[in-house]
Each structure stands twice: as C-alpha cells, then as structure tokens.
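Below, all heavy atoms of this structure are taken into account, side chains as well, without hydrogens, waters or symmetry copies. So that the names make sense, note that chain A is the first sequence line, chain B the second, and so on, each numbered from 1. Here the structure is a predicted model, which means the values were calculated and not measured.
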Amino acid sequence: MLDMKFLRENLDEAERRLATRGGAGFLDGFRELDSKRLALLRESETLKALRNKVSDEIAGIKDKSQAQDKIVEMRTVSQRIKAMDEELKQVDEELQGILLTVPNLPDPSTPIGASESENVEIRSWGVPPAFGFAAKEHWDIGEQLGILDFERGAKLTGARFTLYRGAGARLERALISFMLDLHTEQHGYVEVLPPFMVNRDSMTGTGQLPKFEEDLFKMQDPEYFLIPTAEVPVTNIHRGEILKRNDLPVCYAAYTPCFRREAGSYGKDTRGLIRQHQFNKVELVKFSHPAESEAELEKLTANAEKVLQLLDLPYRVMALCSGDIGFSAAKTYDIEVWLPGQNCYREISSCSNFGDFQARRAGIRFREEEKSKPEFVHTINGSGLAVGRTVVAILENYQQEDGSVFVPAALRPYMGGLERIV
RNA sequence: GGAGAGAUGGCCGAGUAGGUCGAAGGCGCUCGCCUGCUAAGCGAGUAUACUGGGAAACCGGUAUCGAGGGUUCGAAUCCCUCUCUCUCCGCCA
C-alpha cells in the first residue's frame with residue numbers, strides 16, 4: 001500500500017511512476033475520496049468533541065431533571081454523528097478499495113520497460129554444458145528413470161500434479177535439506193516452519209489480496225487460503241508488531257509447499273515440473289532497516305545464487321523491468337537457470353525488495369531510537385530456491401547419454417552417498 | 001464434538017450497582033539526582049492511529065480496554081454476534 005499522505009502531495013509523480021508498469025488510472029478517484037473523507041472526518045470529530053463536553057456537564061449535574069435540555073440536544077447530535085460515521089465508513093471503504101489495489105511504485109533503479117523482453121541481464125555464472133548427444137527434456141529423463149510419474153499425478157488429482165518416486169522423491173527431499181542447511185548454517189537465516197494455510201488478513205498483508213484471489217486455492221469454512229509462497233506466512237509473522245532496531249535485519253528461511261491456481265496460464269508449460277499447482281520451495285525473507293534494504297536485497301540474491309553455484313548449475317541474473325515486476329515489488333531480480341533440454345534459461349528464483357509497501361499493509365515497524373516514532377521496515381524476499389525447478393535443472397544438466405543422471409557432488413551426502421540415478 | 005473460564009497499555013495486574021478511566025498499582029524501560037563501583041534509593045517521564053495548528057519543539061481534537069454491532073446524553077463496565085486462549089470430557093496424528 002502506498003502512503004496516503006505521500007499521494008496527497010505527490011499524486012502526479014505517483015501516477016507517472018505507476019504508468020511505467022503499464023496500465024493507467026490506478027489512482028483515479030483518489031483525490032475526491034480523500035478530500036471527502038477529510039471533510040466528513042473533521043465534521044464528525046467536531047460533533048464528537050461537543051458531545052463529549054456536554055456529556056461531562058451532564059455527569060456533573062446531580063439532578064438529572066435539570067439536564068433534560070442537554071440530553072435531548074445530545075440525542076440529536078448523536079444521531080447526526082451516527083449518520084455521518086456511516087457515510088465516512090463508506091468513503092473509507094472506497095478509498096481502501098483503491099489503495100489496496102494500487103501496485104507499488106517501481107524503484108528508481110528498476111529499468112523502465114513494457115514487458116519481459118526489456119529485462120536486463122546483470123550477470124551470468126557457469127557455462128552451459130556441451131553434450132555429445134541430443135539433450136533430453138526433464139520429463140523424458142524422469143519418466144524413463146521411473147522417478148517422475150506425471151500420469152499417476154494426474155490420476156490422483158489432476159493436471160499439473162506429479163508423483164515423485166524412489167530417487168526422485170529422495171532428490172526433492174535432499175534439496176530441501178541442502179538449501180535449508182546452507183541458508184541457516186552459512187547465511188545466518190533462522191529456520192521457520194509456518195502454517196501452509198493462512199487467513200485473509202495475511203494474504204492482504206503481503207498483497208495477494210484483494211486483487212489476486214483467482215490465483216489462490218481457497219478453503220471454505222473457515223475461509224483459509226493455501227499459501228502460494230512462504231513469503232505470505234513468513235512476512236506476516238511480524239504483522240502488527242514493532243521490531244527492535246538492533247534485531248534488524250530479521251532473516252528467516254522457510255521450506256513450504258506452494259499452491260497456485262495458475263489461472264490464465266492454460267497451455268503454458270503443460271508438460272513436466274515447470275508449472276505445477278503444488279510445488280516445494282525454500283524461501284528467504286528479511287525485515288530490514290529502510291536504509292539497508294538495497295544492500296540486503298543484493299545479499300539475499302547472492303545467497304540464492306550460492307545454491308546454484310554449489311550445485312554447479314549455470315545461471316544468469318536478470319533485473320526485471322517496470323512492466324514485469326510483481327504487484328507488491330519495487331525491484332526484482334530473477335535468477336534463471338540454464339535448461340539444456342529446453343535450450344533456454346528459466347526462472348528458478350525471484351528476489352524482490354518491497355520497500356515499505358508490505359510493511360504498511362501489514363503494520364510491521366521498528367523504532368530508530370527508543371523513544372522515536374515507529375517507522376515501517378522494508379521487506380525483502382526471494383526463493384532460495386524453487387525445489388521442483390531445481391530438480392528439473394539437475395536432471396537436464398547432469399543427464400548422460402545412457403539416460404542416467406549424476407547427482408551433484410554437494411548433494412550426495414543428502415542422498416545417502418548416491419552418485420548416479422540409473 | 002460436549003461442559004466451563006477468560007481476553008485490559010512492553011509485561012503483570014486492578015477496575016461489574018455505566019460518567020471526572022487512555023485507564024490504579026507493580027515490573028520493565030528512558031532521563032536526571034544520589035552513590036568509591038555495583039545494588040539499593042529519590043524525582044520525572046514512558047501506547048498507537050487519524051486529524052487541526054506550527055518552520056520546528058510542541059500544543060489541541062477524535063478514536064482505540066480481542067473484533068464487529070446494539071442500548072444510552074454518556075460504556076472497559078449492560079445486551080447480541082464472532083474470533084482466539086485456557087481447563088475438563090470425547091475423538092485423534
């Protein structure tokens with residue numbers, strides 16, 4: 001959510017910066033609703049002040065029959081207040097409706113661009129392997145090895161669900177442990193294991209709601225949502241809290257499954273593990289001092305890259321342009337891993353700085369000094385990494401001509417010493 | 001699922017015949033004094049949001065005692081609904 005007071009004074013600037021995302025009219029109606037709200041608020045509060053004052057006077061009058069005039073007068077005042085507050089509530093809701101659906105302002109360092117094609121490569125690491133044979137795609141490799149069973153996944157649930165078995169299941173579990181160990185032991189994150197379902201307030205806090213409900217799996221009665229990313233429960237850990245300055249940055253690493261409807265992506269990545277309704281992810285989340293968030297995003301991105309480096313998987317880092325960053329993000333780096341079977345780079349991690357956008361929605365603050373006013377923290381998060389897609393990358397990059405797949409050396413301790421999946 | 005108890009400020013904890021309660025008291029914390037050091041002691045201060053004025057320091061208004069409604073001139077205190085927590089029984093990983 002953007003700061004109302006900032007918008008009041010910088011509406012043109014805000015609209016100009018929002019326009020770089022594509023689309024327009026995000027803030028239509030803000031000006032009128034805001035001034036209407038202020039007018040109603042002032043009037044209502046003036047009347048309440050009067051009522052409070054007269055009520056005190058009534059309290060001081062021993063003989064209530066002497067107070068009848070005032071009581072009758074205040075009865076009218078109370079009715080006016082009630083009517084006014086109802087109108088105010090409506091205006092407030094409309095205003096919130098706008099504010100909650102306006103995306104974040106792109107950071108000044110975010111490249112301006114209309115779409116994915118204008119993202120900017122920042123750096124790359126590793127060399128795509130050269131094969132003396134035609135590289136296969138991971139679904140063929142996985143099915144032939146009997147470690148990925150897409151047909152049975154579809155039988156059990158439906159499209160975009162997969163059954164892992166044997167070394168495949170073990171590989172998924174090994175990667176989760178490997179990543180969590182790395183981030184907690186080497187990078188200083190505290191491991192957390194949050195609920196996989198959250199309520200509406202949590203989804204609103206990080207920005208999935210109210211605008212993107214169709215992307216979520218929703219439970220009825222009680223109304224809970226399956227998390228689309230650990231970002232949601234982990235960021236909301238500190239919703240409504242004031243953090244200690246000295247505890248910043250607060251850094252969490254969490255493994256969770258993620259559930260996404262993938263509405264609107266029919267026909268895209270229909271085969272294989274790339275786009276599933278349920279997938280596993282290890283997520284990194286930071287609560288940072290505003291002045292440090294830029295540097296913390298760089299560190300978090302480097303932490304995610306480290307996973308790929310240790311697995312010896314080639315990748316590149318892209319700065320997403322203004323037209324491609326997510327709703328809540330001010331700045332995003334995507335890490336794209338090389339997939340020989342598909343002969344292209346595919347996103348395996350997305351690391352973003354949200355500035356105070358989520359913190360304002362979720363009320364996550366800190367005090368610079370013991371006595372100073374609370375300020376909003378900045379939130380940062382990124383995948384470290386998407387586990388299913390890491391399996392894809394390993395299968396495709398470590399495949400052999402005979403169809404077997406080597407296990408990356410760093411992973412072998414987590415695979416019971418297994419060197420090769422045959 | 002059945003029966004009961006409870007939700008108050010950073011924490012603990014008063015406050016039920018409705019009024020001067022943003023809320024006693026204690027702890028914690030901050031500043032000052034005192035003290036050879038530490039402990040103790042003394043004094044002052046110590047919620048948040050919105051809003052009006054002010055360059056600012058700051059001053060004023062409104063709201064907030066789990067959440068949302070209601071009664072009333074006036075509610076932490078009365079009524080209704082919901083949520084959460086705890087205890088006992090049942091069930092269960």
Side-chain angles (χ1 to χ4, degrees), chain A residues 1-9 30-100 193-205 209 219-225 233 236-248 250 257 287 356-377:
Chain A
M1 193 159 62
L2 300 179
D3 182 5
M4 261 210 284
K5 288 174 190 164
F6 173 83
L7 291 179
R8 223 172 259 164
E9 276 147 38
F30 172 80
R31 190 83 84 188
E32 302 88 290
L33 282 169
D34 181 53
S35 52
K36 194 170 171 190
R37 170 180 168 274
L38 280 181
L40 282 166
L41 191 64
R42 281 178 204 142
E43 205 174 340
S44 161
E45 291 194 345
T46 305
L47 288 175
K48 283 176 185 170
L50 172 68
R51 182 178 67 183
N52 287 344
K53 181 167 150 278
V54 176
S55 286
D56 278 354
E57 290 168 12
I58 293 171
I61 297 173
K62 291 285 188 294
D63 179 0
K64 293 305 181 213
S65 65
Q66 300 291 309
Q68 273 313 304
D69 292 359
K70 291 177 192 288
I71 288 176
V72 169
E73 189 192 342
M74 285 309 105
R75 196 171 291 162
T76 317
V77 169
S78 274
Q79 281 164 4
R80 285 182 61 198
I81 290 173
K82 195 176 169 187
M84 204 161 283
D85 278 353
E86 264 162 38
E87 199 182 345
L88 183 61
K89 193 178 164 189
Q90 274 198 331
V91 171
D92 242 333
E93 276 167 12
E94 281 181 61
L95 200 54
Q96 286 298 310
I98 290 179
L99 289 174
L100 286 173
L193 183 64
F196 302 157
M197 292 183 223
V198 299
N199 57 31
R200 182 168 283 274
D201 284 346
S202 293
M203 283 294 183
T204 306
L209 291 179
M219 324 298 292
Q220 309 278 352
D221 197 27
E223 185 194 63
Y224 290 155
F225 298 86
N236 278 282
I237 288 174
H238 295 300
R239 171 152 48 88
E241 295 183 10
I242 298 177
L243 303 173
K244 295 212 172 11
R245 169 68 181 100
N246 290 336
D247 290 341
L248 301 182
V250 174
F287 301 82
D356 62 10
F357 187 85
Q358 293 181 325
R360 180 172 290 106
R361 284 177 164 245
I364 309 169
R365 297 174 293 176
F366 77 102
R367 287 181 214 276
E368 185 70 58
E369 305 285 345
E370 190 86 28
K371 288 192 173 175
S372 48
K373 276 185 102 60
E375 304 169 51
F376 292 113
V377 301

Item to check | C1' atoms of G41(B) and C50(B), separation to the nearest Å | outcome: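 Taking atom C1' in both G41(B) and C50(B), they lie 42 Å apart.
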Checklist entry - Which whole number of Å gives the distance between the C1' atom of A23(B) and that of G32(B)? => result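 Result for the C1' pair: 27 Å, nearest Å.
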Next on the checklist: Output the rounded distance in Å from CG (Asp56(A)) to P (G74(B)).
Outcome noted: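 Answer to the nearest Å: 13 Å.
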Does [X] [atom1] have over 12 foreign heavy atoms under 6.0 Å away?
X         : atom1 : result
Tyr224(A) : OH    : no
Met84(A)  : CE    : yes
Asp63(A)  : CG    : yes
Arg80(A)  : CZ    : no
Lys62(A)  : NZ    : no

Heavy-atom side-chain contact between [X] and [Y] under 4.5 Å:
X         : Y         : result
Met203(A) : Asn236(A) : no
Glu368(A) : Arg245(A) : yes
Leu7(A)   : Leu99(A)  : yes

Checklist entry - Base, backbone or nothing for each nucleotide of nucleotides 48-66 of chain B, written B, S, -, heavy atoms under 4.0 angstrom, 5' to 3'? => result SSSSS--------BBS---
Checklist entry - If every non-hydrogen atom of Asp356(A) is compared with every non-hydrogen atom of Phe376(A), which pair is closest and at what distance? => result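 So the two residues come closest at CB-CB, 3.8 Å.
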Next on the checklist: At a heavy-atom distance below 4.0 Å, what parts of residues 61-74 of chain A sit against RNA chain B?
Outcome noted: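 The stretch gives Lys64(A), Ile71(A), Met74(A) as the residues lying under 4.0 Å from the strand, ordered by number.
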Checklist entry - Counting only non-hydrogen atoms, which of residues 77-85 of chain A are less than 4.0 Å from RNA chain B? => result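 Hits under 4.0 Å, by residue number: Ser78(A), Lys82(A).
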What pairs of donor and acceptor atoms, side-chain ones from residues 47-55 of chain A against any protein atom, are under 3.5 angstrom apart with sequence neighbours left out?
unit_1, atom_1, unit_2, atom_2, d
Lys48(A), NZ, Asp85(A), OD2, 3.1
Arg51(A), NH1, Ser78(A), OG, 3.1
Asn52(A), ND2, Lys48(A), O, 3.4
Ser55(A), OG, Arg51(A), O, 3.0

Checklist entry - Where does RNA chain B form stems of at least three consecutive Watson-Crick or G-U wobble pairs, each pair having both distances below 3.5 Å? => result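 Only these stems qualify: B:1-7 with B:83-89, B:10-12 with B:25-27, B:28-33 with B:41-46, B:47-53 with B:58-64, B:66-70 with B:78-82.
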Checklist entry - Who pairs with Arg200(A) by salt bridge (Lys or Arg N to Asp or Glu O under 4.0 Å), at least two apart in sequence or on another chain? => result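 Here the qualifying residues are Glu213(A), Glu223(A).
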Checklist entry - Heavy atoms under 4.0 Å, any strand shown: does Lys244(A) hit a base, just sugar-phosphate, or nothing? => result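 It contacts nothing in the nucleic acid.
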Checklist entry - What's the spacing between Thr46(A) OG1 and Leu41(A) CG if we round to 0.5 Å? => result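 The OG1 atom of Thr46(A) sits 9.0 Å away from the CG atom of Leu41(A).
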Next on the checklist: Measuring from atom CE of Met1(A) to atom CZ of Phe357(A), what distance do you get when rounded to the nearest 0.5 angstrom?
Outcome noted: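 Here the interatomic distance stands at 8.5 Å.
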